[in-house]
K.L.:
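Got a structure here, written out as C-alpha cells. Questions coming.
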Amino acid sequence: MTESEGGTVLIVDDDREVVRTYRRYLEDTYAIREAYDGEEALETIDDDVDVVLLDRLMPGASGGEVLDRIREQEYDVRVAMVTAVDPDFDIVDMGFDDYVTKPTTREELRRTVADLLSLNRHATDVREYHSLLVKAAALRDGKSSYELDENAAYAELESRLSTLEASIESEAERLTDDSRFVATLRAIDTSQRGESDG
Amino acid sequence: MAEGDARADRYALSDALPVDVDGVDPGLNVLVSGPPMSGKRQLVFDLLAPEAVPADPIVVMTTDDPAPRIRTQFDDRGVRFDQSSFRIVDATGAPGDSDPGIHRVSSPADLTGMGVAFTQAVDQMGTPDRLRLGFVSISTLLQYVDAERAFSFLHVLSRRTSAAGYLGVYSIDPTTHEDRFVNVVTSIFDASIEIREDDDGTRELRIRGLPDVAPEWTPFPH
C-alpha cells in the first residue's frame, strides 16, 4: 500500500530550491518525500516509495552509487536520474529507468513520474492477469460450461480478465522504447517485495 | 496491390513445416511444444532460418544450450556468424571469450539482464525492420523463476517483438510442467505447434492458431 492514491515520490537533490520546485510540481497528485543527499535518500526510502527522482551529481554519494544501493536492497521502485547534461552513456546499462534533464519543466517532470508509475502498473497487471488465468483454469477443471455460466465468481473473473487483457495489450506498443521495455522487466524482477501486501 | 504488399511482408517458412504454410504475418509469436528429444529445438531453428542463407536477422535467446552449441546447430544450416545478422543472448551463465556476436547474461533468473542484452543485440544490428527471435527454452527458465515471473517476462518480451513486427518462436517441454501452467502460458502466443511421438518413433505435429491451417495431426518424419 502506498501513502497516496497517486503514489509516493522521493525527491533527492542537494539543492533545496530544486527540491522545493519539484515538490510544487508534483504534490497535488503524489505524496512527496525529500532528501538532500545520498545517505539521507537511503534512510528515507522504504517499500512505500514508488518513484525516486535522483540527482546525478551530489556531494558525498553520487546518484549512481545511491542507485546501486537501492538495487542491491531490492526495493520495488522506479528510479529516474536527474542530470544537468544529456547523458552521453546508456541509462539502460546503468540501471536507471528513465532520466530528466535539468532544468526541467512541470510538464516534463509530471510526465516522467506518470510514465514510470504506468509501467509499474503494467508489470502488476501482467502478474495479476497470470494469477487470474490460473484461477480461471482451476475453476474450469471438472465443471461443465453450464455450471460455469451459473457461477458468479467465474463471471467476475472473466470480466476482470478481459479488462486486464485490454489494458496490458494497449501498453504493448510502448515497449519498443528500450528504456521502458527494460524498466518493465525490472519491475517484474523486483516485484517480490510488494507482493506480500497485496 | 495491398494484399500483395502484405504477403511480401510475411515471414517465409519454406519447408520448415510438413504442412503448406506460405508464411506468417509480422508480429506473430509461436510456441513450439514437445517432449524431450522430439526435435522441437531443431524446428525452432528451422523456423528462424528455413533457408540455408537466412532472409532475416536472427537473435537466439538461450537459457540452456550455451552459445557455441547454438552456433554449431546453425552452422549446419550455412548461417554465417556475421554479427550484423546473427546474435546470441546467452543466459546460461557459461563463461566464454568476449565476442561481439554473443551477449552474456549471468543467469536466466536475471530477467532485466536478458532484456538489456536483447535491446543491445537489436541496437547493434541497426534496429532492423525485420527480425526473428528464438527463445530456448521456457522449461529451463522455469527452473530459475516462479511461474508468475516467467509468464510476465514472456508476455512483455513477446509484445515488444510483436510491436516491432518481429517473429518470435519459443520452445517448451510440456511434459515437465502441470497442464494448467502449459495452457496458461500457451495463451500468450498467437499460434502453437505441438509435436508428439509414438512408442514406435512415429512423429506427428499439429498447428493451431494459423489462418488457413487445419489443426490436424500431420506426420512429421525425422
Side-chain angles (χ1 to χ4, degrees), chain A residues 71 74 76 78-79 90-97 119-142 161-162 164-165 167-195, chain B residues 27 29 61 89 91 103 105-124 127-129 131 133 141-142 144-166 168 177-188 190:
Chain A
R71 297 300 188 214
E74 296 179 346
D76 185 16
R78 311 281 67 85
V79 184
D90 194 350
I91 63 147
V92 165
D93 243 2
M94 282 191 71
F96 284 101
D97 297 304
L119 75 83
N120 247 357
R121 203 155 35 241
H122 179 58
T124 312
D125 283 352
V126 177
R127 290 162 53 83
E128 188 191 349
Y129 182 61
H130 171 261
S131 75
L132 295 188
L133 283 174
V134 172
K135 267 187 202 154
L139 272 175
R140 274 197 302 272
D141 274 359
L161 274 169
S162 54
L164 277 173
E165 188 172 339
S167 146
I168 59 185
E169 295 300 343
S170 73
E171 287 287 317
E173 281 297 321
R174 306 179 72 180
L175 294 170
T176 51
D177 178 302
D178 281 352
S179 64
R180 191 175 177 93
F181 168 64
V182 170
T184 305
L185 292 179
R186 189 177 292 113
I188 291 165
D189 254 338
T190 61
S191 57
Q192 199 156 28
R193 280 167 154 262
E195 210 167 8
Chain B
N29 284 292
M61 275 181 129
V89 172
H103 303 259
V105 181
S106 60
S107 149
D110 183 3
L111 304 178
T112 310
M114 284 195 277
V116 170
F118 176 72
T119 63
Q120 286 172 341
V122 172
D123 286 351
Q124 290 170 20
T127 316
D129 291 337
L131 185 142
L133 167 70
L141 178 67
L142 276 160
Y144 292 85
V145 296
D146 60 71
E148 194 158 290
R149 272 207 183 73
F151 177 93
S152 302
F153 172 78
L154 295 166
H155 198 285
V156 169
L157 178 64
S158 61
R159 293 318 183 261
R160 192 247 176 268
T161 58
S162 193
Y166 298 165
H177 314 290
E178 283 178 44
D179 284 355
R180 196 177 287 165
F181 175 78
V182 175
N183 291 338
V184 166
V185 158
T186 305
S187 74
I188 291 177
D190 308 294

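Naming convention: chains lettered A, B, ... in sequence-line order (proteins, then strands); numbering from 1 in each chain.
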K.L.:
Check whether B:Ile188 gets within reach of chain A through its side chain, its backbone, both or neither, counting any heavy atom under 4.5 Å.
P.N.:
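Neither part.
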
K.L.:
So which heavy atom on A:Thr176 is nearest to which on B:Ala163, and how close?
P.N.:
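Answer, listing the atom of A:Thr176 first, then B:Ala163: CG2-CB, 3.7 Å.
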
K.L.:
Can you tell me how far apart NE2 (A:His130) and CG (B:Asp146) are? Round to the nearest 0.5 Å.
P.N.:
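Here the rounded value is 8.5 Å.
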
K.L.:
With a 4.5 Å heavy-atom cut-off, do A:Val134 and B:Glu148 have their side chains touching?
P.N.:
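No - every pair of side-chain heavy atoms lies 4.5 Å or more apart.
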
K.L.:
Using side-chain contact (heavy atoms from CB on, under 4.5 Å) as the criterion, point out the one residue from A:Thr124, A:Val126, A:Thr184 that pairs with B:Ser152.
P.N.:
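Among A:Thr124, A:Val126, A:Thr184, the one meeting side-chain contact (heavy atoms from CB on, under 4.5 Å) with B:Ser152 is A:Val126.
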
K.L.:
Count the heavy atoms belonging to other residues, nucleotides or ligands that lie under 6.0 Å from CD of B:Gln124, then report whether that count exceeds 12.
P.N.:
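Count over threshold, so yes.
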
K.L.:
So, do B:Arg160 and A:Asp178 sit near enough that their side-chain heavy atoms are less than 4.5 Å apart?
P.N.:
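Yes. Closest side-chain heavy atoms under 4.5 Å.
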
K.L.:
For the residue pair B:Phe151 and A:Tyr129, does the interplanar ring angle fall in the parallel (under 30°), tilted (30 to 60°) or perpendicular (over 60°) class?
P.N.:
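Rings of B:Phe151 and A:Tyr129: tilted, as their planes differ by 30° to 60°.
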
K.L.:
Could you look at B:Ser187 and say if it's the side chain, the backbone, both or neither that has a heavy atom under 4.5 Å from chain A?
P.N.:
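Side chain only.
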
K.L.:
I want to check something: taking the side chain as every heavy atom from C-beta on, are A:Leu133 and B:Asn183 in contact at a cut-off of under 4.5 Å?
P.N.:
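They are not in side-chain contact.
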
K.L.:
Taking every heavy-atom pair that is under 4.5 Å apart, which of B:Val156, B:Val122, B:Val185, B:Leu157 has the most such pairs with chain A?
P.N.:
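Highest number of heavy-atom pairs under 4.5 Å: B:Val156.
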
K.L.:
Within this structure, what is the CZ-CZ distance for the pair B:Arg180 and A:Arg140, rounded to the nearest 0.5 Å?
P.N.:
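If we round to the nearest 0.5 Å, B:Arg180:CZ and A:Arg140:CZ are 9.5 Å apart.
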
K.L.:
Select, from A:Ala123, A:Ala138, A:Ala183, A:Ser131, the one with the greatest count of heavy-atom pairs under 4.5 Å involving chain B.
P.N.:
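The answer is A:Ala138.
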
K.L.:
Name the region of A:Asp141, side chain, backbone, both or neither, that has any atom closer than 4.5 Å to a heavy atom of chain B.
P.N.:
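Only the side chain of A:Asp141 comes within 4.5 Å of chain B.
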
K.L.:
With sequence neighbours left out, what residues match A:Glu169 under salt bridge (charged side-chain N to carboxylate O under 4.0 Å, His left out)?
P.N.:
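Salt bridge (charged side-chain N to carboxylate O under 4.0 Å, His left out) list for A:Glu169, sorted by chain: B:Arg159.
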
K.L.:
If you count heavy atoms of other groups shown closer than 6.0 angstrom to CG of B:Asp123, is the number above 12?
P.N.:
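Yes, the 6.0 Å shell around CG holds more than 12 heavy atoms from other groups.
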
K.L.:
At a 4.5 Å cut-off on heavy atoms, which part of B:Asp179 comes close to chain A: side chain, backbone, both, or neither?
P.N.:
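Interface part for B:Asp179: neither.
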
K.L.:
As an exercise, state the distance from CG of A:Leu175 to OG1 of B:Thr119, rounded to the nearest 0.5 Å.
P.N.:
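Reported value, rounded in 0.5 Å steps: 12.5 Å.
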
K.L.:
Given a strict heavy-atom distance threshold of 4.5 Å, which part of B:Ala147 is in contact with chain A: side chain, backbone, both, or neither?
P.N.:
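The answer is both parts of B:Ala147.
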
K.L.:
Grab the two heavy atoms, one from A:Ile188 and one from B:Arg149, that are nearest each other, plus how far apart they are.
P.N.:
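That would be O-NE, 3.0 Å.
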
